[in-house]
Amino acid sequence: MKLVFTGRMIEWRGPSPYYFVPVPDEESADIREVAAPATYGWGVIPVEARVGEVAFRTSLFPRGGGYLLPLKDAVRKPQSLSTGDDVTVALTVRL
């Protein structure tokens, strides 16, 4: 399953701050359709993603009926992405 979407980057202020792009509702619904065979536990979904020129592997985190895509420093810093920026993501769910 391949998706392209744009979302606004948010900061999670837990014990270890982290940054995420929420997956929009429509795309989250599409992902839920393949979630059972894709997940490897705890509801996380393995994906390959691209933001700008940076491609990476990670897992979507379930949150509030949708999903969050984590963006580590290696993705954000080369593109000078900050909290509140709109981020376009090309995403492939790894089945």
ask   = With sequence neighbours left out, which residue pairs that include part of residues 75-94 fulfil the ring pair (Phe, Tyr, Trp, His ring centres under 6.0 Å) condition?
value = none
message = Starting from Trp12, can I reach Tyr19 by hopping between I/L/V/M/F/W/Y residues whose side chains sit under 4.5 Å apart?
response = no
Where Gln79 and Val75 come nearest, the two heavy atoms and their spacing = NE2-O, 2.9 Å
remark   = In this structure, OH of Tyr18 is separated from CG of Asp73 (nearest 0.5 Å) by 7.5 Å
request  = Please tell me if the side chains of Phe5 and Val21 come closer than 4.5 Å, counting only heavy atoms from C-beta onward.
outcome  = yes
task = Apply salt bridge (charged side-chain N to carboxylate O under 4.0 Å, His left out) to Glu11 and list each qualifying residue two or more places apart in sequence or on a separate chain.
result = Arg13
message = With side-chain contact (heavy atoms from CB on, under 4.5 Å) as the criterion, how do Leu3 and Ile31 come out once you've worked through the C-alpha distance, each side chain's angles and the decisive distance to 0.1 Å?
response = CA-CA 9 Å; Leu3 305 166; Ile31 293 167; 3.7 Å; yes
Which atom pairs, one a donor and one an acceptor, fall under 3.5 Å between side chains of residues 53-69 and the rest of the protein, sequence neighbours left out?
| unit_1 | atom_1 | unit_2 | atom_2 | d |
| --- | --- | --- | --- | --- |
| Arg57 | NE | Glu48 | OE2 | 3.3 |
| Arg57 | NH2 | Glu48 | OE2 | 2.8 |
| Ser59 | OG | Tyr40 | OH | 2.7 |

inquiry  = Under 4.5 Å between side-chain heavy atoms, counting indirect links through other Ile/Leu/Val/Met/Phe/Trp/Tyr residues: same cluster for Leu81 and Ile10 or not?
reply    = no
request  = Hey, could you give me each pair passing side-chain hydrogen bond (donor to acceptor under 3.5 Å, both in side chains) that has a residue in residues 22-32? Not counting sequence neighbours.
outcome  = none
Could you list the donor-acceptor pairs under 3.5 angstrom formed between side-chain atoms of residues 85-95 and any protein atom two or more places apart in sequence or on another chain?
| unit_1 | atom_1 | unit_2 | atom_2 | d |
| --- | --- | --- | --- | --- |
| Asp85 | OD2 | Ser82 | N | 2.7 |
| Asp86 | OD1 | Arg8 | NE | 3.1 |
| Asp86 | OD1 | Arg8 | NH2 | 3.2 |
| Asp86 | OD2 | Arg8 | NH2 | 3.4 |
| Thr88 | OG1 | Thr6 | OG1 | 2.9 |

request  = Can you sort out the partners of Lys72 under salt bridge (charged side-chain N to carboxylate O under 4.0 Å, His left out), two or more places apart, ordered by chain and number?
outcome  = none
